[in-house]
Amino acid sequence: MAEGAAEVSAASDGGGDLGTVEPERGVAPIKPQYLTTKEQFHEFLEAKGQEKPSQDSEAVDPAGNDLAEPEAKRIRLEDGQTEDGQAEEAAEPGEQLQAQKRARGQNKCRPHVKPTHYDKNKLCPSLVQESAAKCFYGDRCRFLHDVGHYLETKPADLGPSCVLFETFGRCPYGVTCRFAGAHLGPEGQNLVREGLVQAPPVRNGLDKALQQQLRKRKIHFKHAEQALRQLSRGPLPGPTPEATVPEGREAEGAPGQDNCDSQLAPQEPDTVGPPSGPLRTFGPLTDEDVVRLRPREKRRLDISGKLYLAPLTTCGNLPFRRICKRFGADVTCGEMAVCTNLLQGQTSEWALLKRHPCEDIFGVQLEGAFPDTMTKCAELLNRTIEVDFVDINVGCPIDLVFKKGGGCALMNRLAKFQQIVRGMNQVLDVPLTVKLRTGVQERVNLAHRLLPDLRDWGAALVTLHGRSREQRYTKLADWQYIEQCVAAASPMPLFGNGDILSYEDANRALQTGVAGVMIARGALLKPWLFTEIKEQRHWDISSSERLDILRDFTHYGLEHWGSDTQGVEKTRRFLLEWLSFLCRYVPVGLLERLPQRINERPPYYLGRNYLETLMASQKAADWIRISEMLLGPVPPNFVFLPKHKANAYK
Ligand SMILES: Cc1cc2nc3c(=O)[nH]c(=O)nc-3n(C[C@H](O)[C@H](O)[C@H](O)COP(=O)(O)O)c2cc1C
Ligand SMILES: [Zn+2]
Ligand SMILES: [Zn+2]
């Protein structure tokens, strides 16, 4: 959205009262004394950034008073250290070229390095894990086996204490940890603090045996197959798809929508076709009928009035969700996972399902275009992971997803949509929820027509993002339409989503009668928004408090992604993704009128201290500097391009 900010600057105000001081339309109203020019802003950061670099990255005064603070005190960039690790994510040559064009002034001349270079001085895993007695690969092993030699080439530690060792009493990264000094004995042995040792508490990991079975397609989806057989014979009670598809909608849906099922799931070419034949309403009780009763035993989902942190691809990772939970988010959801990737046992896709113990009301979100794969995936998850609900992403605007008939495209493919909802609902013990947009095209609202169907098909709750696919983030979300949809969905609860950045926004949203609100970019700009809503106040948070939040994020990140070089750099990349949103937050004390609005682009301003100014920078080079304050210097040849800029969520 850093980029989207410019896009939305021309947006209409949506009828709000702007008060007496009205700066340029679409620009956040900052007190004149803080305003500056682009040139002065960057000159200021350049000049101060070069002052007194120091090794001490922790030298920020946590209780500092922003207003009184001398400007240069807080920035401490580490220097002198070199690191052998390389940028972990390599782009294809063409991609890199394009990326360089886009990344004006952001490390653009540095070459990109393949991720395998990380491995050059990598210690053999058999020596990292003390449990492994000898190297599995023997002579063919390409990793180092001499710990002494490894330590000679290993870059310096990034800090004196290891968050994994502190939290769990044992650091699984041993000598490879970038904070290893905290837990290596005199002979280089990995120390363990007896009494503290506990297994990392994250749930929903992918079991190796299950992964093998998935890869070999050895899993039998009994319930899904039953449900799909039943659905292929005819729709269950409720409106028939034909009756609810407005004219021409099915036809204008995604291309190739009906001939892809067999491609996606070759083992099941014929299970799902368009509903045919009349409803079976009599005859002996069959297995299918018994399956059909299952929804009655379903666990309930009662989240009315709760604050729901939106699913956020890339940014809504587990460490970020922990931050939001701490600030009062009630409901959290994993990043969108592609159902076919889950069915193939892909490690990276399964990682999106992980749940931290603090996530007490947690769901996962799936994307898919076809009843067979979605229903099978639902059965798989029902058996293997612990969640409170499963959500279908019918709001996803991404081209790749849309063209296959998934995401938003399902809003125009009612027959498939119905089968997906009914099929999944039947095999899940937990409630099924759906996330929608207003529609695909800007002026063609579809949600109100779909909601009664979704209710009848068994959806427990729907979240409506008040924008169409075409609209992206260019205009404000249509809360009047959301209000209209509340009635159409009733008694099924409807959550509203779009543009909430203050407690006033949340209050206004709740007046539409929605069961609750979902918050996405608002949480990225200021995760303490949940606290603000609960306490009905504006929080003039200081830059050092904000840095503390980022530091906590890096600790959670090291815990989650690892504290070796790879884990540190992964943590850094996710931090940088987040910083690309955070820079749009305007501190309360600088505003001429409250609250900040999400469609207002911040002008160039100097904050109340150096750090506050640095945090307002939209330049990747400055985000990198912030990351260096928390995670040490970036590896040589480091390039950062926000992922979300490459996809539709901007
Ligand atoms: C970076 C980013 C990633 C997103 N990823 C997802 C996603 O995985 N699934 C989804 O349903 N919506 C996703 N969205 C959309 C949001 O959940 C939300 O519907 C939208 O941003 C509108 O809410 P907001 O105005 O509070 O930002 C994403 C949005 C952003 C900005
Ligand atoms: Zn080895
Ligand atoms: Zn460690």
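First listed ligand is number 1; within each ligand, the first listed atom is number 1.
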Against heavy atoms of [X], which atoms of ligand 1 measure under 4.0 Å?
{"X": "Ala310", "answer": "17 (O)"}
{"X": "Asp499", "answer": "24 (P), 25 (O), 26 (O)"}
{"X": "Arg521", "answer": "24 (P), 25 (O), 26 (O), 27 (O), 31 (C)"}
{"X": "His465", "answer": "19 (O), 20 (C), 22 (C)"}
{"X": "Met336", "answer": "8 (O)"}
{"X": "Lys435", "answer": "10 (C), 11 (O), 12 (N), 15 (C), 16 (C), 17 (O), 18 (C), 19 (O)"}

Minimal heavy-atom distance between Pro633 and Arg572, with the atoms involved, is O-NH2, 3.1 Å
Practice prompt. Could you walk me through whether Asp399 and Arg469 pass salt bridge (Lys or Arg N to Asp or Glu O under 4.0 Å), step by step?
Written response: CA-CA 10 Å; Asp399 277 343; Arg469 173 178 190 257; 2.6 Å; yes
Margin query: Which label fits Tyr473 and His465: parallel for a plane angle under 30°, tilted from 30 to 60°, or perpendicular past 60°?
Written below: tilted
query: Aromatic rings His183 and Phe165: how do their planes relate, parallel, tilted or perpendicular, breaks at 30° and 60°?
result: tilted
- Task: For residues Tyr481 and His448, establish whether the separation of their ring centroids is below 6.0 Å.
- Result: yes
- Query: Can we call the ring centroids of His538 and Tyr503 under 6.0 Å apart?
  - Reply: yes
From the list Val387, Leu301, Val390, Leu461, side chain to side chain contact (heavy atoms under 4.5 Å, CB included) partner of Pro431 resolves to Leu301
Between Cys177 atom SG and His183 atom NE2, the angle centred on the Zn ion (ligand 3) rounds (to 10°) to 110°
The SG(Cys162)-the Zn ion (ligand 3)-SG(Cys171) angle, to 10°, is 110°
Which bit of [X] is near ligand 1, meaning a heavy atom under 4.0 Å away: side chain, backbone, both or neither?
{"X": "Asn497", "answer": "side chain"}
{"X": "Glu335", "answer": "neither"}
{"X": "Asn393", "answer": "side chain"}

CD1 (Ile482) and CZ (Arg467) are apart, to the nearest 0.5 Å, by 9.0 Å
The angle formed at the Zn ion (ligand 2) by NE2 of His145 and SG of Cys124 is about (to 10 degrees) 110°
The angle formed at the Zn ion (ligand 2) by SG of Cys141 and SG of Cys135 is about (to 10 degrees) 110°
field: Heavy-atom neighbours of Leu400 CG exceed 12 at 6.0 Å
entry: no
**OP:** Could you tell me whether ligand 1 has any atom less than 4.0 Å away from a heavy atom of Gly498?
**Re:** yes
| request: Assess the side chains of Glu166 and Ser161: does a donor N or O sit below 3.5 Å from an acceptor N or O? | output: no
> So is there a nitrogen or oxygen of Ile598 less than 3.5 Å from a nitrogen or oxygen in ligand 1?
Replying inline: no
### Message
Check this for me - ligand 1, Ile519, N or O atoms closer than 3.5 angstrom, yes or no?
### Response
no
